[in-house]
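No hydrogens, no waters, no symmetry mates; every other heavy atom, side chains included, goes into these values.
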Amino acid sequence: MSVAIIDKYFPSLTEDQVAKFLKLEALYKDWNSKINVISRKDIDELYVRHVLHSLGIAKVQPFLPGSSILDVGTGGGFPGIPLAILFPETQFYLIDAIGKKITVVNEVAQALKLENVTAEQIRAEKVKSEFDFIVSRAVTNMPDFVKWVKGKVKKNSQHTLKNGILYLKGGDLSEELAIYKTAKIFNLPDYFEEDFFETKKVVHLPLKYTGK
């Protein structure tokens, strides 16, 4: 599947954005040969399984200029890098506990001249800043994730959805989310028709501001 799949769902991309999305495949194939950040079978499906999947968050909540997003456990840069291409006026802070993954993120961001991306090898618990949203792709169960990011959400919401977590996850989440009465599930097949998205979801969980 080529970069055309992105244009299919996001038809108002600029030429610069299309060019950046186009470069992703060669960049990730090159880096994946040195540092394995994407499974071998997935690298050939990069645009559906990684790029478009990441952009599922954008279908649920587009980010406003000047807002800030924390991507926890970004791995090779997902969902942060595709979102940063789509929202050039939003600041993205991509973190992972594994240094070699952050090396890849930094190199990809540099190659694409993404000035709105900062990447760091750090655990979420150690992050001191506050953000409009915290995004991630199923790095752990929701209760543990909530503990990691407690106190990292800005007080004032300016988006349609309240500030909090936007989490990409699959399968049956009813048990895991039972304790979160304010959690809302968005099914990605409502936005994308490819079979890959059949069980994929974005979970929005508003987080109360707790102060310093």
Side-chain angles (χ1 to χ4, degrees), residues 1-63 69 71-88 90 92 94 96 98 101-102 104-105 107-109 111-112 114 116-117 119 133-140 145 161 165-173 184-204:
M1 194 70 76
S2 74
V3 71
I5 192 81
I6 309 302
D7 197 42
K8 172 182 172 183
Y9 291 109
F10 296 90
S12 55
L13 294 174
T14 65
E15 281 183 30
D16 181 60
Q17 287 171 316
V18 172
K20 282 174 175 163
F21 279 124
L22 194 58
K23 286 178 186 169
L24 285 179
E25 186 170 34
L27 281 168
Y28 277 107
K29 281 190 171 172
D30 180 45
W31 275 104
N32 221 45
S33 65
K34 304 171 202 171
I35 299 170
N36 191 19
V37 288
I38 295 170
S39 74
R40 295 281 180 249
K41 68 174 197 274
D42 273 10
I43 196 75
D44 293 327
E45 295 285 343
L46 180 78
Y47 285 109
V48 169
R49 297 188 178 188
H50 294 277
V51 182
L52 196 57
H53 188 210
S54 297
L55 296 178
I57 288 172
K59 288 292 189 186
V60 168
Q61 179 59 73
F63 298 131
I69 312 297
D71 177 3
V72 174
T74 190
F78 301 98
I81 293 276
L83 289 169
I85 295 172
L86 195 63
F87 301 108
T90 298
F92 290 85
L94 280 55
D96 203 282
I98 299 168
K101 292 184 176 179
I102 291 300
V104 174
V105 173
E107 292 291 339
V108 169
L112 296 175
L114 291 176
N116 59 333
V117 170
F133 288 101
I134 296 158
V135 301
S136 191
R137 280 211 304 178
V139 288
T140 186
F145 192 76
L161 296 179
I165 294 167
L166 289 166
Y167 209 56
L168 288 160
K169 207 140 194 217
D172 182 4
L173 305 176
K184 185 169 183 189
I185 295 172
F186 297 85
N187 295 306
L188 285 182
D190 291 344
Y191 307 97
F192 305 136
E193 63 186 16
E194 285 68 26
D195 292 343
F196 172 75
F197 298 105
E198 192 179 341
T199 62
K200 301 288 190 288
K201 304 166 176 71
V202 176
V203 179
H204 172 241

Quiz item: Could you state the interatomic distance from CG (Leu52) to CZ (Phe197), rounded to the nearest 0.5 Å?
Solution: 4.0 Å

Quiz prompt | Non-neighbouring partners of Phe133 that pass ring pair (Phe, Tyr, Trp, His ring centres under 6.0 Å), sequence neighbours left out | solution = Phe63, His159

Exercise. Check whether any side-chain heavy atom of Leu188 sits under 4.5 Å from a side-chain heavy atom of His53, and report yes or no.
Key: yes

Quiz item: What are the two closest non-hydrogen atoms of Pro79 and Ser54, and how far apart are they?
Solution: CA-OG, 3.2 Å

Practice problem: Test Asp71 against Asp96 for side chain to side chain contact (heavy atoms under 4.5 Å, CB included), laying out the working first. | Solution: CA-CA 9 Å; Asp71 177 3; Asp96 203 282; over 6 Å; no

Exercise. Can you see which heavy atom on Glu198 is nearest to which on Pro189, and at what distance?
Key: O-CG, 3.4 Å

Practice problem: Could you check if a side-chain atom of Leu161 sits within less than 4.5 angstrom of a side-chain atom of Leu166, using non-hydrogen atoms only? | Solution: yes

Quiz item: Hey, does Ile43 have a side-chain heavy atom less than 4.5 Å from the side chain of Lys29?
Solution: yes

Quiz item: Are any non-hydrogen side-chain atoms of Gln61 and His204 less than 4.5 angstrom apart?
Solution: no

Quiz item: Is the closest side-chain heavy-atom distance between Glu194 and Lys8 below 4.5 Å?
Solution: yes

Quiz item: Can you name the closest pair of heavy atoms from Gly80 and Thr74 and give their distance?
Solution: N-OG1, 4.5 Å

Self-check item: Residues Arg49, Asp42: salt bridge by 4.0 Å N-O rule
Solution: yes

Quiz item: Any idea which heavy atoms bring Tyr167 and Ser136 closest together, and the distance?
Solution: CE1-CB, 3.5 Å

Self-check item: Asn116 (side chain) donor-acceptor with Thr90 (main chain) under 3.5 angstrom
Solution: yes

Quiz item: Any donor-acceptor pair under 3.5 Å linking the side chain of Lys201 with the backbone of Gly171?
Solution: yes

Quiz item: Can you list every ring pair (Phe, Tyr, Trp, His ring centres under 6.0 Å) pair that touches residues 2-46, not counting sequence neighbours?
Solution: Tyr9-Phe192, Tyr28-Phe78

Practice problem: Apply side chain to side chain contact (heavy atoms under 4.5 Å, CB included) to Leu114 and Lys20, showing your working. | Solution: CA-CA 9 Å; Leu114 291 176; Lys20 282 174 175 163; 4.2 Å; yes

Quiz item: Between CG of Asp16 and CD1 of Ile85, what distance do you get to the nearest 0.5 Å?
Solution: 9.0 Å

Exercise. Rounded to the nearest 0.5 Å, what's the gap from CD1 on Ile5 to CG on Leu46? Could you check?
Key: 12.5 Å

Quiz item: Below 4.5 Å, heavy atoms only, C-beta onward: do Leu83 and Leu55 meet side chain to side chain?
Solution: yes

Quiz item: How about Ile165 and Val203: do any of their side-chain heavy atoms sit closer than 4.5 Å?
Solution: no

Quiz item: Under the salt bridge (Lys or Arg N to Asp or Glu O under 4.0 Å) test, which residues partner Lys184, sequence neighbours left out?
Solution: none

Quiz item: What is the distance from atom CG of Asp30 to atom CD1 of Ile35, rounded to the nearest 0.5 Å?
Solution: 10.0 Å

Quiz prompt | Leu112 side chain near Ile81 side chain, heavy-atom distance below 4.5 Å | solution = yes

Exercise. Applying side-chain contact (heavy atoms from CB on, under 4.5 Å) between Val37 and each of Val108, Ile98, Val104, report the one that passes.
Key: Val104

Practice problem: For Leu173 and Lys169, work out which heavy atoms get closest and say how close. | Solution: CD2-CG, 3.7 Å

Self-check item: Atom pair CD1/CG of Ile57 and Leu168 - distance to nearest 0.5 Å
Solution: 4.0 Å

Practice problem: Assess whether side chain to side chain contact (heavy atoms under 4.5 Å, CB included) is satisfied between Val18 and Ile6, documenting all intermediate values. | Solution: CA-CA 8 Å; Val18 172; Ile6 309 302; over 6 Å; no

